[in-house]
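The first residue of the sequence shown is numbered 1, and numbering continues consecutively from there.
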Amino acid sequence: QVQLEESGGGLVQAGGSLRLSCTAPGRTVSNYIMGWFRQNPGKEREFVASMSWSGTPNYADAVKGRFAISRDNAKNTVYLQINSLRPEDTAVYYCCRGRSTGAAGRPTTCDWGQGTAVTVSS
């Protein structure tokens, strides 16, 4: 079973930035749509960003213009650069290796990592 590993979360002030990383040790990501989701306790996991295997990105409206997803297939690594952070961005961020792609060009079924926590202070 695939196990994705996220890292890079932390505590930052509003307006700051973080770079999250997702790796898939011993697995390939090159032929998959990769994405990032986020979730808070008691709330649904929500889509943040994704990138197809060919490099086409897709972003949620809430993060468009502030977040940037990228991937390095040679390293089996996906990144999420998060800039101009707001307190409402606080969440646990999860990496997704997509098993399928929906009509909107986003992953619909995922293999997940354990998550990395992002906390934005005001």
Sequence neighbours excluded - ring-ring contact (aromatic ring centres under 6.0 Å, His included) pairs with any residue from residues 74-100 = none

query = What residues, two or more places apart in sequence or in another chain, satisfy side-chain hydrogen bond (donor to acceptor under 3.5 Å, both in side chains) together with T56?
reply = none

message = Check whether N40 reaches the backbone of T90 with its side chain - one donor and one acceptor, N or O, closer than 3.5 Å.
response = yes

Separation between CG of N58 and CD1 of I33, rounded to the nearest 0.5 Å = 7.5 Å

message = If hydrophobic clusters are built by linking Ile, Leu, Val, Met, Phe, Trp and Tyr wherever their side-chain heavy atoms come under 4.5 Å apart, do V63 and V12 end up in the same one?
response = yes

side-chain contact (heavy atoms from CB on, under 4.5 Å) partners of S7, counting only residues at least two apart = S21

query = Looking at residues at least two apart in the chain, or sitting in another chain, which of them share a salt bridge (charged side-chain N to carboxylate O under 4.0 Å, His left out) with R45?
reply = none

key: Flag, side chain of D111 to backbone of G98, donor-acceptor distance under 3.5 Å   = no

inquiry  = Taking side-chain hydrogen bond (donor to acceptor under 3.5 Å, both in side chains) as the definition, give me every residue that meets it alongside S100, ordered by chain and number, with sequence neighbours left out.
reply    = T108, T109

query = Taking side chain as C-beta onward, heavy atoms only, is F67 less than 4.5 Å from L85?
reply = yes

request  = Step by step, work out the side chain to side chain contact (heavy atoms under 4.5 Å, CB included) result for V92 and V118.
outcome  = CA-CA 6 Å; V92 177; V118 172; over 6 Å; no

Residues that K64 engages under salt bridge (charged side-chain N to carboxylate O under 4.0 Å, His left out), provided they are two or more places apart = D61

request  = Calculate, to the nearest 0.5 Å, the distance between atoms CD1 and CD1 belonging to I82 and I69 respectively.
outcome  = 12.0 Å

message = Restricting to side-chain contact (heavy atoms from CB on, under 4.5 Å), what partner residues turn up for A68, sequence neighbours left out?
response = Y59, Q81

Heavy-atom check, side chain of L4 versus side chain of T23, under 4.5 Å = no

message = If you define the side chain from C-beta out and look only at heavy atoms, does anything of W36 sit under 4.5 Å from E6?
response = yes

message = Tell me every residue that passes ring pair (Phe, Tyr, Trp, His ring centres under 6.0 Å) with F47, counting only those two or more places apart in sequence or in another chain.
response = F37

query = What pairs of residues pass the disulfide (SG to SG under 2.5 Å) test when at least one of them lies in residues 25-102, not counting sequence neighbours?
reply = C22-C95, C96-C110

inquiry  = According to salt bridge (charged side-chain N to carboxylate O under 4.0 Å, His left out), who are the partners of E5, at least two apart in sequence or on a separate chain?
reply    = none

Which atom of A49 lies closest to which atom of L80, heavy atoms considered = CB-CD1, 4.1 Å

request  = Identify the two heavy atoms, one from N83 and one from S17, that lie closest to each other, and give their separation to 0.1 Å.
outcome  = OD1-CB, 3.2 Å

task = Over all heavy atoms of both residues, which pair between S50 and G105 is shortest? Give the atoms and the distance, please.
result = OG-O, 3.7 Å

Contacts of E46 that satisfy side-chain hydrogen bond (donor to acceptor under 3.5 Å, both in side chains) - sequence neighbours left out = R38

key: side-chain hydrogen bond (donor to acceptor under 3.5 Å, both in side chains) involving R66 - partner list, sequence neighbours excluded   = D89

message = Can you tell me how far apart OG1 (T119) and CD (Q13) are? Round to the nearest 0.5 Å.
response = 13.0 Å

